Amino acid sequence: MDKEALSKSYSPHVVEEKWYKYWLEGGFFEAEDKSEKKPFSIVIPPPNVTGMLHMGHALNNTLQDIIIRYKRMQGYNSLWMPGTDHAGIATQNVVEQALAKEGISRHDIGREKFIEDVWKWREKYGGIILNQLQKLGCSCDWKRERFTMDEGLSRAVREIFVKLYNDGLIYQGDYIVNWCPRCHTAISDLEVEYEEEKGGLWYIQYPYAEGEGGIVVATTRPETMLGDTAVAVNPNDERYEDVIGKKVILPLMNKEIEIIADDYVSKEFGTGAVKITPASDPNDFAIAERHGLEIIVVIDGNGVINENGGVYRGQDRDTCRENVVEDLKKGGYLIREEPYLHNVGRCYRCKTIVEPAVSKQWFVKVKPLAKEASAAVVKGDTRIIPPIWEGTYFEWMENIRDWCISRQIWWGHRIPVWYCDECGKIIAAVEEPQVCPDCGGGSLKQDEDVLDTWFSSALWPFSTLGWPEKTEALETFYPTSLLVTGFDIIFFWVARMMMMGLYIMKKVPFNDVYLHALVRDEEGDKMSKSKGNSIDPLKMIDRYGADAFRFTLAAFTAQGRDVKMSEARIEGYQHFVNKIWNTARFAFMNLDDYTEKGEKVKDSEYSLADRWIKDALNRTIREVSSSLDEYRFNDASGVIYQFVWHELCDWYLEMIKPVLYGNNSPERRLAAQETLYDVFEKTIKLLHPFIPFVTEEIWQKMKVAEGTSVMVSEFPAESETYEDGDAFHRVSVLKDIIGNIRNIRGVMNIPPPKKLRVLLSVPDRELRSILDDGREYILNLANLQELSVEGTVEEPRGVATGIVGSIKIYVFLEGMVDIVAERARLEKEMKKLSKDLVNVSKKLNNRDFMEKASEVVIRKEEAKFEELKEKNRNLEEALKKLQEIEE
RNA sequence: GGGCGGGUAGCUCAGUUGGGAGAGCGCCACGUUUACACCGUGGAUGUCACAGGUUCAAGUCCUGUUCCGCCUACCA
């Protein structure tokens with residue numbers, strides 16, 4: 001035991017840094033590629049290299065760390081694989097912005113130089129978030145850190161692209177995709193966020209080419225009419241029966257387009273006639289394909305009208321809309337304009353309105369992959385926890401659409417496809433080909449596009465372990481045991497890892513997926529920079545310590561519910577950490593002269609308190625373990641909080657103080673010391689996964705072993721030798737009695753320092769012996785000067801009465817009886833009791849209940865009834881006595 | 001439009017197979033007793049959203065209503 005005195009309160013700063021360094025240097029985070037021990041592995045959801053630690057990361061990584069520390073202590077060969085994601089668009093944006101400050105655009109310096117700059121940027125700032133994870137205490141195996149753009153992982157990307165291509169699961173083509181005019185790239189369907197926004201609905205008349213009148217269409221995007229190539233109506237719409245096949249004049253453009261019929265058009269909406277702009281709307285594009293319509297692109301990659309837009313050329317889409325509306329008005333084509341609420345899709349990264357646009361892109365045919373991924377969850381190869389998310393997963397897998405994987409940016413994995421200048425051959429290859437395999441031509445150009453970042457993330461569980469090499473790590477740790485991530489990336493990431501894992505490895509990427517909720521502010525709003533309601537985890541760690549912060553996150557992580565975070569809650573758990581610290585102080589002060597290797601304590605020397613706390617600890621161990629096994633983080637933290645504060649501190653320490661302080665029984669003192677040491681050390685171990693720093697600090701001071709760490713010590717296992725139902729029963733009786741006396745003291749306003757005299761009337765022999773044996777505890781914890789335990793006795797005069805079952809407690813008040821207060825107290829208790837009594841007797845008098853309820857329940861009710869009746873009798877008696885005094 | 005989750009103490013939330021409504025924080029009173037005032041002891045607090053139903057028994061199961069949140073969807 002360390003003799004140096006501990007300060008009165010725990011200060012995290014020095015401690016955290018010290019132990020993290022110790023763990024790193026000691027190699028305690030490192031897993032073994034090959035081991036006798038059973039493997040357990042988690043791959044980190046790789047944060048963006050541009051990322052800064054936010055609450056979502058904090059929650060996600062705290063949960064992973066809790067599990068990995070728990071498993072490591074349980075003796076698993078535990079790997080937590082760390083790394084980062086190259087985050088194509090986001091990272092490119094950041095570096096472009098930095099260049100912009102110097103007035104340079106990426107086009108000024110060219111692709112090669114630009115990518116060089118990104119790598120330099122990454123060298124400089126890319127590690128920030130990983131350092132921040134270390135502040136949180138994350139026990140990742142840092143020596144294995146991976147980056148999605150590493151050579152090995154890039155190789156994996158190319159291999160898989162080529163395999164998919166050769167298997168016919170990747171194709172290229174001109175299709176309408178979501179285009180972000182600001183990021184200047186295509187994005188996948190998932191990367192578009194739809195939000196209802198106020199807009200307008202414009203009714204425009206397209207005059208018939210021949211004859212009078214025209215057809216009126218309704219649109220939310222009048223500017224796209226420049227690219228209209230048809231007007232569509234429903235084939236069953238009588239209103240338009242006659243006009244199908246007729247030509248109309250496209251206003252402003254003065255060209256003829258045809259009225260066609262298609263089932264897609266709804267008769268009910270608007271006028272029942274739709275303008276068709278194949279290049280700017282996915283539905284229109286589909287119609288165009290069905291009807292062989294011309295596709296005219298009028299909006300370019302920057303969201304600006306191109307040469308096909310006539311006089312509107314060069315105007316951005318918003319300006320163009322204003323002008324088009326104005327001109328339609330002038331020309332008498334605009335029939336009506338009304339405000340309209342509709343869904344607007346925005347780029348999830350930059351919030352720019354997405355422009356559906358036709359362009360040549362690469363796609364993955366995901367249907368066959370999705371089928372396998374779905375089946376694996378049905379079979380139970382992968383468990384989704386909580387299971388509520390299974391439905392979401394299945395539904396998406398069933399309705400999945402092809403995945404657009406090409407991006408028109410520079411930062412990322414360049415698509416491993418080359419085009420032969422001479423014969424036009426398309427070559428997909430892992431390594432750059434020198435000559436065209438068809439014509440032998442040497443002039444090959446690589447595709448300019450890069451892959452969606454999620455393409456490489458989808459490979460993460462095996463690419464980080466060395467695939468395509470057959471590494472030992474891959475052999476040992478794949479499939480990984482657990483994935484912990486937010487439900488918001490089920491589709492982006494979880495689903496795609498499932499598909500790729502099964503496709504490449506023929507095995508699921510992880511056995512369990514634990515999906516946690518989002519961290520919100522105390523109002524329940526999503527935290528965001530723009531709202532300014534985000535809490536900075538690093539500030540919280542700085543203010544309250546990483547441990548308090550982590551414990552708070554764990555305590556609020558109930559399955560399937562969002563975590564509402566507020567600083568006050570973290571502060572609350574800081575108190576808990578401090579409580580543990582002070583428990584340690586207490587222990588150290590009283591274990592000065594104790595060494596674990598001292599003489600063996602005889603079983604008979606263990607006090608009731610010793611036996612009881614071991615039983616309580618045993619229950620706690622069981623519950624913490626089973627909760628963690630089921631990822632019930634709030635239950636696990638709640639159970640342990642309850643144990644530390646309300647069993648260990650409130651009761652056990654108080655019970656053993658007289659033994660520790662007094663000198664009259666060295667044997668019992670030693671027994672208490674041994675128990676305290678043992679129980680406290682196990683408690684520290686139980687707590688370690690949640691609050692690693694303070695537990696290490698304390699554990700090291702306990703000098704359990706040199707040169708090692710609590711993080712690789714053995715996690716406590718429940719043990720039959722600690723089970724003690726008798727001690728549990730005895731202490732609950734004592735607690736009831738002590739609680740009742742304290743209640744009398746409190747309610748009757750007796751000053752705490754005043755020592756009381758108490759007489760217990762205990763008709764039951766067994767209880768009498770329990771109370772007799774436990775008299776020292778009652779004397780100390782209820783602060784009594786005298787305690788008599790008798791059989792049935794007559795109620796003395798001048799007492800306050802407490803009833804616990806059949807036991808009557810008489811507290812001598814020696815003339816201080818406040819009759820009014822005592823009567824009020826007793827009557828209140830009567831009232832509460834009679835309510836219960838009525839309920840129970842109702843049940844027992846109900847024939848149906850007696851016939852239909854289970855035996856156990858009936859017996860329980862009967863016992864309850866007896867107990868209540870007795871208590872009621874006793875209360876009545878006490879009230880009668882009070883009456884006598886009054887008279 | 002479809003789907004999912006939620007409504008329990010002042011606040012944040014637990015409540016696993018139906019069988020005596022809970023915790024933390026906050027609040028009130030008393031108290032510095034040699035680990036801790038980041039503490040101790042005691043106390044107060046509920047139409048378990050609403051309406052039906054099943055059942056001997058419903059916070060828990062079923063139906064409907066309502067409010068909030070989220071996901072998803074090609075109706076211009």
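Each chain gets a letter, A, B and so on, in the order the sequences are listed, and its residues count up from 1. These figures come from a predicted structure and were not determined experimentally.
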Any donor-acceptor pair under 3.5 Å linking the side-chain atoms of [Y] with those of [X]?
X        : Y        : result
A:Tyr175 : A:Asp402 : no
A:Lys275 : A:Thr224 : yes
A:Tyr203 : A:Glu338 : yes

Item to check | Residues from residues 272-282 of chain A lying under 4.0 Å of RNA chain B - heavy atoms | outcome: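 Hits under 4.0 Å, by residue number: A:Gly272, A:Val274.
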Using atom [atom1] of [X] as one end and atom [atom2] of [N] as the other, report the distance to the nearest whole Å.
X        : N     : atom1 : atom2 : value
A:Asn399 : B:G3  : CG    : P     : 13 Å
A:Tyr203 : B:A76 : OH    : C1'   : 10 Å
A:Arg221 : B:C75 : CZ    : P     : 15 Å
A:Phe269 : B:A73 : CZ    : P     : 19 Å
A:Asn343 : B:C75 : CG    : C1'   : 11 Å
A:Lys267 : B:A76 : NZ    : P     : 19 Å
A:Tyr194 : B:G3  : OH    : P     : 21 Å
A:Asn839 : B:G20 : CG    : C1'   : 9 Å

Look at all strands and tell whether [X] reaches a base, only sugar-phosphate, or nothing, counting heavy atoms closer than 4.0 Å.
X        : answer
A:Leu653 : base
A:Phe551 : nothing
A:Val577 : nothing
A:Thr219 : sugar-phosphate
A:Glu390 : nothing
A:Tyr641 : sugar-phosphate

Checklist entry - Is it true that a side-chain atom of A:Asp281 and a backbone atom of A:Thr277 form a donor plus acceptor pair closer than 3.5 Å? => result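 It does not hold such a pair.
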Taking the same atom, [atom1], in [N] and in [M], what whole-Å distance lies between them?
N     : M     : atom1 : result
B:C27 : B:A44 : C1'   : 9 Å
B:A14 : B:G22 : C1'   : 7 Å
B:A9  : B:U47 : P     : 8 Å
B:A57 : B:G20 : P     : 14 Å
B:G46 : B:U41 : P     : 24 Å
B:G19 : B:G26 : P     : 32 Å
B:C67 : B:A49 : C1'   : 8 Å
B:G3  : B:A73 : P     : 15 Å

So which atom in [X] and which in [Y] form the shortest heavy-atom distance, rounded to 0.1 Å?
X        : Y        : result
A:Lys864 : A:Val840 : CE-CG2, 3.4 Å
A:Thr220 : A:Trp202 : O-CZ3, 3.5 Å
A:Lys754 : A:Asn783 : O-ND2, 3.6 Å
A:Val324 : A:Pro222 : CG1-O, 3.9 Å
A:Arg585 : A:Lys8   : NH1-CG, 3.1 Å

Next on the checklist: Tell me which pairs pass side chain to side chain donor-acceptor pair (under 3.5 Å) where either residue lies in residues 637-657 of chain A, with sequence neighbours left out.
Outcome noted: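 Every pair satisfying side chain to side chain donor-acceptor pair (under 3.5 Å) with a residue in residues 637-657 of chain A: A:Asp610-A:Tyr652, A:His646-A:Asp650, A:Glu654-A:Lys657.
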Item to check | Salt-bridge present (A:Arg859, A:Glu862; N to O < 4.0 Å) | outcome: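 Judged by the 4.0 Å cut-off on N to carboxylate O distance, A:Arg859 and A:Glu862 do not form a salt bridge.
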Checklist entry - Is it true that A:Asp593 and A:Arg669 make a salt bridge, defined as a side-chain N closer than 4.0 Å to a carboxylate O? => result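 Yes, charged N to carboxylate O under 4.0 Å.
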Checklist entry - Quick one: which of B:G20, B:C36, B:A73 gets closest to the side chain of A:Arg401? => result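 Of B:G20, B:C36, B:A73, B:A73 is nearest to the side chain of A:Arg401.
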Item to check | Proximal nucleotide (of B:A35, B:G5, B:A14) relative to the A:Asn634 side chain | outcome: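 The nucleotide sitting nearest to the side chain is B:A14.
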Next on the checklist: One character per nucleotide, please: for nucleotides 37-43 of chain B, 5' to 3', B when the base has a protein heavy atom closer than 4.0 Å, S when only the sugar-phosphate does, - otherwise.
Outcome noted: SBSSSSS
Checklist entry - Can the ring centroids of A:Tyr348 and A:Phe492 be said to lie less than 6.0 angstrom from one another? => result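 They qualify: ring centres under 6.0 Å apart.
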Checklist entry - How would RNA chain B look in dot-bracket form, 5' to 3', counting Watson-Crick and G-U wobble pairs with both distances under 3.5 Å and writing | for bases paired to another strand? => result ((((((((.[[[[.)...(..]]]].(((((.......))))).....[[[[[..)....]]]]])))))))....
Next on the checklist: For A:Glu195, give me all partners under side chain to side chain donor-acceptor pair (under 3.5 Å), at least two apart in sequence or on another chain.
Outcome noted: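 With sequence neighbours excluded, A:Glu195 shows a side chain to side chain donor-acceptor pair (under 3.5 Å) to no residue whatsoever.
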All N/O pairs under 3.5 Å across the protein-nucleotides 54-57 of chain B interface:
residue : atom : partner  : partner atom : Å
B:C56   : OP1  : A:Lys852 : NZ           : 2.4
B:C56   : O2'  : A:Asn846 : ND2          : 3.1

Checklist entry - Does A:Tyr340 make a side-chain N or O approach to OP1 or OP2 of B:A76 shorter than 4.0 Å? => result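 Yes, A:Tyr340 has a side-chain N/O under 4.0 Å of OP1/OP2 on B:A76.
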Checklist entry - OP1, OP2 of B:A35 versus side-chain N and O of A:Tyr661: anything below 4.0 Å? => result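 So the side chain of A:Tyr661 is within the cut-off, an N or O lying under 4.0 Å from OP1 or OP2 of B:A35.
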Item to check | Worked verdict on A:Thr392 versus A:Glu395 for side chain to side chain donor-acceptor pair (under 3.5 Å) | outcome: CA-CA 5 Å; A:Thr392 308; A:Glu395 217 215 56; over 6 Å; no
Item to check | Residue mapping more 5' on RNA chain B - nearest nucleotide basis, A:Ala568 or A:Leu190 | outcome: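 Between the two, 5'-proximity favours A:Ala568.
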Item to check | Upstream residue (5' side of RNA chain B) when A:Asp189 and A:Leu201 are each assigned their closest nucleotide | outcome: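 Per heavy-atom nearest nucleotide, the more 5' residue is A:Asp189.
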Next on the checklist: Take a 6.0 Å sphere around NZ of A:Lys267 and say whether it holds more than 12 heavy atoms from other residues, nucleotides or ligands.
Outcome noted: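 Counting neighbours around NZ of A:Lys267, more than 12 heavy atoms of other residues, nucleotides or ligands fall under 6.0 Å, so yes.
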